[in-house]
2 protein chains.
Amino acid sequence: MDTSLKSTLHRRGLRMTPQRQLVLDAVRELGHATPEQICTQVQRAAPAVNITTVYRTLDLLEELRLVRHTHLGHGAPTYSERAHEHVHLVCHHCGAVSEAPTALMDELADRLREREDFELDVTHVALSGRCATCREADLKASQELGEKEARA
Amino acid sequence: MDTSLKSTLHRRGLRMTPQRQLVLDAVRELGHATPEQICTQVQRAAPAVNITTVYRTLDLLEELRLVRHTHLGHGAPTYSERAHEHVHLVCHHCGAVSEAPTALMDELADRLREREDFELDVTHVALSGRCATCREADLKASQELGEKEARA
DNA sequence: TTACATGCAAAGGGTTTGCATAACT
DNA sequence: AGTTATGCAAACCCTTTGCATGTAA
């Protein structure tokens, strides 16, 4: 079975277009990007492409399971290739997004299945917390505060 | 130390108002609710209250650590009492939201701290997946499909 | 009499929809 | 010809901001 985008579309009576290829390319190049970022990237090659088309194409590519979107918290979701599976870690202090292997979630997924009868989708929602850099900064700040109080 | 809302506000040079009490009451009554739902609830007691005030009050109550908000995926976040700590499980098929004990996440939190140097905030983001009801429906549907194919 | 709080209207980001046009098959 | 795809504008939801008015210390 031919699994190229073109034939996948054709099997559904849909057509391959330059726009669709460009959106898919942009998702692949950008890693995890918002619709707006994807649109900007696409427009570098084809300035006339409208953001509406980007939204429609992302929905389509998601249906075709070529991409997925993740909610990082506030604001627009980000889209990435389906093949690149990972957990997103978002620092809600500085906003930094990092990626971790999904294997980290295996045990949680098992427990949720057993105890809550819930089948976890590891990639759809990001985990929120405080990143290494901000934790270091916190530590330093509290040390300085300690010294200041010791002096006083 | 007096920890009532009124004195907490007073210590910051802020005032207690009927609106602020009503918003806090609504959050407590509704469990996890969007700003709009909270506004509707508040307006049952005081119809003139504006949604702007609800947003401002929710921000304030969050700063005071009396409430927290959680992103369930699409759409508006939901607010709940800070004291009610739990993990949110959202079914991305039917939209149902359930709650699970945060203890489920303890091991994941430990691993993230060790391996990724990331301090997880368990409550801020919901976990996404497929709930028990939808999983049963899936199972039933695939069984029926199997029977149909067997007949054909 | 000064600071804080509210309501209202308007603007802002992100997304969807309606519709006419254009491009395929 | 008939369907699918696009661009454009308008509408939509959710949230924030500016400003005038109101209210409490």
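So you know, we letter chains A, B, ... as the sequences are listed, proteins then strands, and number each from 1.
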Practice problem: Determine, using ring centers only, whether His69(B) and His124(B) are less than 6.0 Å apart. | Solution: yes
Practice problem: Measure from the side chain of Arg56(B), starting at C-beta and using heavy atoms only, and say which of dC14(D), dT17(D), dG7(D) lies closest. | Solution: dT17(D)
Quiz item: Rounded to the nearest Å, what distance is computed from the CG atom of residue Leu60(B) to the P atom of nucleotide dT15(D)?
Solution: 17 Å
Exercise. Using a cut-off of 6.0 Å, state whether more than 12 heavy atoms not belonging to His84(B) lie near its atom NE2.
Key: no
Exercise. Could you tell me whether Asp121(A) and Arg130(B) make a salt bridge, using a distance below 4.0 angstrom between a side-chain N and a carboxylate O?
Key: no
Practice problem: Round to the nearest Å and state the distance from His71(A) atom NE2 to dG13(C) atom C1'. | Solution: 16 Å
Practice problem: May I ask you to say what Leu14(A) touches in the nucleic acid, namely base, sugar-phosphate or nothing, with a heavy-atom cut-off under 4.0 Å? | Solution: sugar-phosphate
Exercise. Give a yes/no answer on whether the side chain of Tyr55(A) brings an N or O atom under 4.0 Å of OP1 or OP2 in dT16(C).
Key: no
Quiz item: Between Arg12(B) (CZ) and dA5(C) (C1'), how many Å, whole number?
Solution: 16 Å
Quiz prompt | Under 4.0 angstrom between Asn50(B) side-chain N/O and dT6(C) OP1 or OP2 | solution = no
Self-check item: Nearest-nucleotide 5' precedence on DNA chain C, Thr52(B) against Gly13(B)
Solution: Gly13(B)
Practice problem: Using only side-chain N and O atoms of Arg15(B), determine if any of them is under 4.0 Å from OP1 or OP2 of dA25(D). | Solution: no
Self-check item: Below 4.0 Å: OP1/OP2 of dT6(D) and any side-chain N or O of Thr17(A)
Solution: yes
Quiz item: Counting only side-chain N and O atoms of Thr53(A), is one of them less than 4.0 Å from OP1 or OP2 of dT6(D)?
Solution: no
Quiz prompt | First of Thr34(B) and Pro18(A) reached from the 5' end of DNA chain D, by closest nucleotide | solution = Pro18(A)
Self-check item: Within-4.5 Å side-chain heavy-atom neighbours: Arg113(A) and Arg111(A)
Solution: no
